[in-house]
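Heavy-atom basis, side chains included; hydrogens, waters and symmetry copies ignored.
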Amino acid sequence: MTAEDFKKVEKNTSSIDGFSKEELYNIAFFESVTNYYNWNWMREKLTNYEQYGIDDFIFVHFDVKDFKMVNELYGHVVGDNLLRRICEAMKNCEWSYFSCRCDNDNFAMMVKRMSREEIKTKLEQFFDNLSVLPEDPSYPIYFRCGVADINNVKDYRVIITDMAKLAQNLGNNANVTEIMFYTDEMKEEQIKGKVIKQEISRALSNNEFLVYYQPKYSPVTNSIVGAEALIRWNYMHKEIWGPGKFVPYLEKERAIDIIDRFVLEQVCIKLEEWKHLGKKLVPISVNLSKTHLYNPTIIQKILSIVDKYDVERRFIEFELTESSTYEDKAYMIKVMNELRNLGFLLSIDDFGTGYSSLNLLSTMPLTTLKIDKSFIDSIEESDGSKAKFILKDIFGMTKHLDITSVAEGVETENQKELIKQWGCDYIQGYYYSKPLPVAEFEKLLI
């Protein structure tokens with residue numbers, strides 16, 4: 001029996017309070033944009049799937065990456081057409097029992113039991129058929145999909161949707177369609193992230209967070225020209241955690257802006273202190289996460305911290321990560337222009353690891369470009385000639401754009417000398433110094 005057959009069986013034309021039952025049915029179980037089944041309809045199927053002769057199934061939940069950009073670039077008519085094409089494609093899937101549009105650009109399918117390899121192949125083909133906008137064939141469409149392929153569906157029918165959504169939410173790579181299968185480890189990671197988020201308030205009140213400083217040097221004068229502020233967690237005052245142990249969890253929980261503001265305030269406290277002590281002042285870069293950047297009150301929050309300590313804005317550099325995806329690039333650039341107009345410095349980190357580097361360079365009001373460590377590592381390899389040519393051109397480009405270049409991860413004398421010859425302005429890496437506790441960094445400022 002097909003979905004259309006189910007629809008016919010369930011409809012009844014008797015009247016209730018001025019509405020026919022068919023009209024009430026459509027209001028309850030169809031959504032208006034695509035005229036396709038909604039989440040209320042799917043929820044009933046998930047609860048009562050055995051009544052439809054289904055013993056087992058795989059649950060799929062997916063969305064369209066950067067769907068907001070489709071609406072912004074082409075208008076809501078094109079966006080709505082894309083939603084309708086997705087629904088039509090789901091309707092024509094012979095390997096699907098039921099499907100629906102959940103909300104916005106989120107969709108769900110109950111599909112037939114098959115091997116993991118087979119369902120992955122079918123989903124890849126499904127998404128590939130929808131990967132181009134007919135209105136503009138040059139614009140690619142990418143999807144983020146979570147699959148709950150589990151045994152004993154009957155025992156998990158209540159939470160199987162959460163399993164698929166959890167897997168879906170782990171797909172964060174730009175410019176590629178991702179199909180993620182739920183695992184128990186994902187649930188453990190989610191729980192760990194929530195625990196870490198809950199620990200933040202306690203750790204702040206217990207003075208467990210530390211700010212380390214990794215200096216930046218001029219390869220010409222071998223003198224300090226700046227530093228990057230890096231977070232560390234002295235967990236329970238028993239063990240120093242590097243950022244890799246907690247920052248990714250806070251990013252997923254959208255709580256990383258708390259750390260951003262903490263680091264900024266600690267840097268401002270130190271800059272004020274060093275100024276009164278007559279120490280050398282150099283620009284300190286602090287991270288500006290995507291979550292923080294999209295906060296509508298970000299400018300006010302930053303100014304409230306910086307102005308509280310009367311810090312000259314030219315000594316604060318905000319660092320964005322190039323490999324991050326920014327859904328609303330127009331808003332991102334607007335915020336950056338505001339920060340630049342206020343006198344702050346701006347840098348982009350991990351340059352060369354993403355897909356839109358050159359495009360961003362042409363529009364972002366940058367003062368600094370940080371070249372990713374992977375480029376620096378490759379110049380000493382036997383086949384590193386291409387990397388050398390690229391690096392030379394990058395350094396030359398920064399000169400033309402009046403942007404300061406910083407090479408990350410420099411570890412050897414040979415690396416230092418090569419990029420010095422090619423015109424690199426500053427160096428950050430173990431060749432000069434590892435990240436230092438504030439007391440050790442202060443000694444270098446003398």
Could you measure the distance from the [atom1] atom of [X] to the [atom2] atom of [Y]? Nearest 0.5 Å is fine.
| X | Y | atom1 | atom2 | answer |
| --- | --- | --- | --- | --- |
| Phe395 | Lys420 | CZ | NZ | 13.5 Å |
| Tyr426 | Ser223 | OH | OG | 8.5 Å |
| Leu339 | Ile316 | CG | CD1 | 11.5 Å |
| Ile302 | Asp307 | CD1 | CG | 11.0 Å |
| Ile150 | Ile160 | CD1 | CD1 | 4.0 Å |
| Ile269 | Gln266 | CD1 | CD | 4.5 Å |

Would you please say whether a donor-acceptor pair under 3.5 Å links the side chains of Tyr235 and Glu208?
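Looking only at side-chain atoms, Glu208 and Tyr235 do not form any donor-acceptor pair under 3.5 Å.
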Would you say the side chains of Asn414 and Thr412 form a donor-acceptor pair under 3.5 Å?
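Not at all, the side chains of Asn414 and Thr412 share no donor-acceptor pair under 3.5 Å.
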For the residue pair [X] and [Y], establish whether any side-chain heavy-atom pair is separated by less than 4.5 Å.
| X | Y | result |
| --- | --- | --- |
| Thr177 | Asp128 | no |
| Leu210 | Ile240 | yes |
| Glu135 | Val77 | no |
| Pro437 | Tyr212 | yes |
| Asp260 | Val286 | no |
| Val306 | Leu264 | yes |
| Gln428 | Ile371 | no |
| Tyr213 | Val282 | no |

Examine distances only and state if a side-chain atom of [X] and a backbone atom of [Y] form a donor-acceptor pair shorter than 3.5 Å.
| X | Y | answer |
| --- | --- | --- |
| Ser131 | Pro140 | no |
| Ser115 | Glu118 | yes |
| Asp257 | Thr291 | no |

Of the non-hydrogen atoms in [X] and [Y], which two are nearest, and what is the gap between them?
| X | Y | value |
| --- | --- | --- |
| Pro283 | Leu345 | CB-CD1, 3.9 Å |
| Pro243 | Pro248 | O-CD, 3.4 Å |
| Asp377 | Gly409 | OD1-O, 4.4 Å |
| Met90 | Ala108 | SD-O, 4.0 Å |
| Leu366 | Leu369 | CD1-CD1, 4.4 Å |
| Met364 | Ile333 | CG-CG1, 4.3 Å |

[Y]/[X] salt bridge by N-O under 4.0 Å criterion:
| X | Y | result |
| --- | --- | --- |
| Lys194 | Glu253 | yes |
| Lys275 | Asp310 | yes |
| Glu317 | Lys370 | no |
| Lys120 | Glu124 | yes |
| Lys399 | Asp425 | yes |
| Glu273 | Lys279 | no |
| Arg84 | Glu88 | no |

For the [atom1] atom on [X], are there more than 12 heavy atoms of other groups (residues, nucleotides or ligands in this structure) within a distance under 6.0 Å?
| X | atom1 | result |
| --- | --- | --- |
| Lys280 | NZ | yes |
| Arg116 | CZ | yes |
| His237 | NE2 | yes |
| Asn222 | CG | yes |

Would Phe209 and Ile258 count as a side chain to side chain contact (heavy atoms under 4.5 Å, CB included) if you check the C-alpha gap in whole Å, the side-chain angles of each, and the deciding distance to 0.1 Å?
CA-CA 11 Å; Phe209 287 109; Ile258 299 172; over 6 Å; no
Please state whether the rings of Tyr432 and Tyr217 are parallel, tilted or perpendicular, taking 30° and 60° as the class boundaries.
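The rings of Tyr432 and Tyr217 lie parallel, inter-plane angle below 30°.
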Could you tell me how the ring of Tyr37 sits relative to the ring of Trp41: parallel (under 30°), tilted (30 to 60°) or perpendicular (over 60°)?
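Taking Trp41 first and then Tyr37, their aromatic rings lie parallel (interplane angle under 30°).
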Take Glu440 and Lys443, measure what salt bridge (charged side-chain N to carboxylate O under 4.0 Å, His left out) needs, and give me the verdict at the end.
CA-CA 5 Å; Glu440 292 184 36; Lys443 295 175 183 177; over 6 Å; no
Can we call the ring centroids of Tyr74 and Tyr139 under 6.0 Å apart?
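Yes, the ring of Tyr74 comes within the 6.0 Å limit of the ring of Tyr139, centre to centre.
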Distance under 6.0 Å and angle within 45° of ring axis: [X] vs [Y]:
| X | Y | result |
| --- | --- | --- |
| Arg85 | Phe126 | no |
| Lys165 | Trp39 | yes |
| Arg101 | Tyr36 | no |

Run through Lys416, Glu408, Gln415 and flag the one making a side-chain contact (heavy atoms from CB on, under 4.5 Å) with Ile376.
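Exactly one candidate clears the test, Gln415.
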Checking side chain to side chain contact (heavy atoms under 4.5 Å, CB included) for the pair Cys145/Leu123: CA distance, chi angles, key distance, verdict?
CA-CA 9 Å; Cys145 176; Leu123 286 170; 4.2 Å; yes
Give the C-alpha distance, both sets of side-chain angles, the deciding distance and a yes or no for side chain to side chain contact (heavy atoms under 4.5 Å, CB included) between His292 and Ile298.
CA-CA 7 Å; His292 202 182; Ile298 181 174; 4.1 Å; yes
Pick out which of Phe62, Phe107, Tyr142 makes a ring-ring contact (aromatic ring centres under 6.0 Å, His included) with Phe127.
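The residue from Phe62, Phe107, Tyr142 that satisfies ring-ring contact (aromatic ring centres under 6.0 Å, His included) with Phe127 turns out to be Phe62.
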Does the pair Gln168 and Asn106 meet the rule for a side chain to side chain contact (heavy atoms under 4.5 Å, CB included), with working shown?
CA-CA 11 Å; Gln168 174 190 339; Asn106 286 278; 3.6 Å; yes
